[in-house]
K.L.:
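One structure follows; several queries about it will come next.
Computed from a predicted model, the values in this text were never measured in an experiment. Residue numbers start at 1 and run along the sequence shown. All ligand and atom numbering here is 1-based and tracks the order in the structure.
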Amino acid sequence: MSNYLDIEQQVAIAAVRRACTLTTAVFNNLVKGETLVKSDKSPVTVADFSAQAVINTILTSAFPTDPIVGEEDAADLRENSELRSRVVGLANDALGRELGLGEIAEWGLGRIRTEQELLDAIDRGRYEGGRKGRMWTLDPIDGTKGFLRGEQYAVCLALLVDARVELGVIGCPNLPQDVSNPSGPRGCIFVAVRGQGALQYTLSGGSPVPLKMPKLHLSELNLLESVESAHAALGVNERVAQILGITRAPTRMDSQAKYGALARGDGGVYLRLPTGVGYREKIWDHAPGALLIEEAGGIISDGHGEPLDFGLGRTLGENFGVVATGKGVHSQILKAVRQAQEEAKK
Ligand SMILES: Nc1ncnc2c1ncn2[C@@H]1O[C@H](COP(=O)(O)OS(=O)(=O)O)[C@@H](OP(=O)(O)O)[C@H]1O
Ligand SMILES: [Mg+2]
Ligand SMILES: [Mg+2]
Ligand SMILES: [Mg+2]
């Protein structure tokens, strides 16, 4: 008998692995002009576009009717032939490689795609989301700014069924495999399946390690937070830490690599509070991480203690930031968040 979501898990891990190989190679050869600035002023690179093309192509081949909520779309590429041909070349290099770990010939890997097919594959990510049915969320590079700095970033894929995350896969090419050896080998994939726990693989393969968040006391915690001050209210985080008596310095890390770090016992709290500019969190920025934390034994909510709602469309709607932590300290952290917010309003 096969396990729940066995095939989906296999496809998602393979797709994330291929995309991670691609993004790593692009970073080593990124040249000027391969980064655009989107209408919201955030960066996007040829690596984001081609990773989305690769993952969407593999998903569509394995599950032709599943919709995809992906961060990027191909509009900029349709207008820019130089960038387009670079993305097409990169995607075809990645899809054309011989079969790797756990991959099967039926996914059609190895076939060269036309420009049109690859642009359409990127645009398969334009699904609007919603409360019903099966859908994937994809962030081809989460933490693009971290990617550009050579720091942390993550390739993030999740499967939702009726607005619940059932499978989450997070590839972190630059994350040390062993927390206790920060200068050791890098490259991790975190995998969570609802009801089946959380695992860490190395990007290069091998046996997975099960993840279980340790029970930490407030005095042992430190905050995991964004690098970019525009993405989270870092000043409020500082006050929350002070209220809780947390003396350890925060760990600033780009992307959903934070969820991976937290799931394996690093830090103890991921705290992301809104900066007050009316930004709505995107579902692809949290879906796989949310399941990873729950399956590692932790709890995730917004800053008011409400569950994250993945059924509202492409954003988390009115959810107020994110608090992910161990069950034993969650309510104390929410209380401190409330106090810090009230003080900030004065
Ligand atoms: N104003 C604002 N508020 C909150 N979040 C925002 C905001 N603007 C962008 N984003 C999203 O932040 C994603 C990057 O994740 P992090 O904030 O965890 O990383 S970072 O340390 O700040 O780089 C980043 O994901 P990517 O675009 O995939 O890099 C964005 O979706
Ligand atoms: Mg982005
Ligand atoms: Mg993102
Ligand atoms: Mg992204």
K.L.:
Identify the heavy atoms of Val169 and Ala12 that sit nearest to each other, and give their distance.
P.N.:
CG2-CB, 3.8 Å

K.L.:
Got a second to check how far Ser50's OG is from Ile122's CD1, nearest 0.5 Å?
P.N.:
7.5 Å

K.L.:
Which of the atoms in ligand 1, numbered in the order shown and given with their element, are less than 4.0 Å from a heavy-atom of Asp139?
P.N.:
28 (O)

K.L.:
Is the closest heavy-atom distance from Gly143 to ligand 1 below 4.0 Å?
P.N.:
yes

K.L.:
Could you find the nearest protein heavy atom to atom 25 (O) of ligand 1 and give me its residue, atom name and distance?
P.N.:
Asp142 OD1, 3.1 Å

K.L.:
Considering distance alone, does some N or O of Glu71 sit under 3.5 Å from an N or O of ligand 1?
P.N.:
yes

K.L.:
Just how far is it from atom CD1 of Ile55 to atom CZ of Arg18, taken to the nearest 0.5 Å?
P.N.:
11.5 Å

K.L.:
Do you know the tightest heavy-atom contact between Arg164 and Arg194?
P.N.:
NH2-CD, 3.2 Å

K.L.:
Among Glu79, Glu34, Glu115, find the one that has a salt bridge (Lys or Arg N to Asp or Glu O under 4.0 Å) with Arg84.
P.N.:
Glu115

K.L.:
Is it true that Asp285 lies under 4.0 Å from ligand 1, counting heavy atoms only?
P.N.:
yes

K.L.:
I want to confirm something. Looking only at heavy atoms, which of Ala233, Ala230, Ser255 is nearest to atom 1 (N) of ligand 1?
P.N.:
Ala230

K.L.:
With heavy atoms of Glu228 as the reference, note each atom of ligand 1 found under 4.0 Å away.
P.N.:
20 (S), 21 (O), 22 (O), 23 (O)

K.L.:
Give me the nearest non-hydrogen protein atom to atom 12 (O) of ligand 1 as residue plus atom name, then the distance to 0.1 Å.
P.N.:
Arg272 NH2, 3.0 Å

K.L.:
What class does the angle between the rings of Phe27 and Phe147 fall in, given that below 30° is parallel, 30 to 60° is tilted and above 60° is perpendicular?
P.N.:
perpendicular

K.L.:
Is the shortest distance from a heavy atom of Lys258 to ligand 1 less than 4.0 Å?
P.N.:
yes

K.L.:
Given Met253, Lys38, His231, which one has a non-hydrogen atom that is nearest to atom 22 (O) of ligand 1?
P.N.:
His231

K.L.:
Evaluating non-hydrogen atoms only, which member of Val277, Asp40, Asp254 is closest to atom 23 (O) of ligand 1?
P.N.:
Asp254

K.L.:
Please give me the minimum heavy-atom distance between Phe190 and Cys188, naming the atom from each residue.
P.N.:
CE1-CB, 4.0 Å

K.L.:
One pair to check against salt bridge (Lys or Arg N to Asp or Glu O under 4.0 Å): Glu103 and Arg17. What are the steps and the verdict?
P.N.:
CA-CA 11 Å; Glu103 295 179 335; Arg17 243 186 236 291; over 6 Å; no

K.L.:
With a heavy-atom distance limit of 4.0 Å, tell me whether Ile141 approaches ligand 1 through its side chain, its backbone, both, or neither.
P.N.:
backbone

K.L.:
To the nearest 0.1 Å, how far is atom 3 (N) of ligand 1 from its closest protein heavy atom, and which atom is that?
P.N.:
Tyr279 CD2, 3.1 Å

K.L.:
Just to confirm my numbers, could you give the angle made at the Mg ion (ligand 4) by OE1 of Glu71 and O of Ile141, rounded to 10°?
P.N.:
170°

K.L.:
Check whether any N or O atom of Gly146, backbone or side chain, sits under 3.5 Å from an N or O atom of ligand 1, and answer yes or no.
P.N.:
no

K.L.:
Does any N/O atom on Trp284 come nearer than 3.5 Å to any N/O atom on ligand 1?
P.N.:
no

K.L.:
Are a donor atom and an acceptor atom from the side chains of Glu238 and Gln242 found within less than 3.5 Å of each other?
P.N.:
no

K.L.:
Please step through salt bridge (Lys or Arg N to Asp or Glu O under 4.0 Å) for the pair Glu166 and Arg134, ending with a clear verdict.
P.N.:
CA-CA 10 Å; Glu166 298 291 311; Arg134 241 172 89 111; over 6 Å; no

K.L.:
Between ligand 1 and Ser226, is the shortest N or O to N or O distance under 3.5 Å?
P.N.:
yes

K.L.:
Of all the atoms in ligand 1, which lie at a distance below 4.0 Å from a heavy atom belonging to Val227?
P.N.:
20 (S), 21 (O), 22 (O)

K.L.:
Hey, is the Mg ion (ligand 2) within less than 2.8 Å of some N/O/S atom on Asp139?
P.N.:
no

K.L.:
May I ask you to say whether Lys282 pairs ionically with Asp139, meaning some side-chain N is under 4.0 Å from a carboxylate O?
P.N.:
no

K.L.:
Evaluate salt bridge (Lys or Arg N to Asp or Glu O under 4.0 Å) for Arg78 paired with Asp123, printing each intermediate quantity in order.
P.N.:
CA-CA 11 Å; Arg78 292 185 197 276; Asp123 278 338; 2.7 Å; yes

K.L.:
At the 4.0 Å heavy-atom cut-off, does Glu281 count as touching ligand 1?
P.N.:
yes

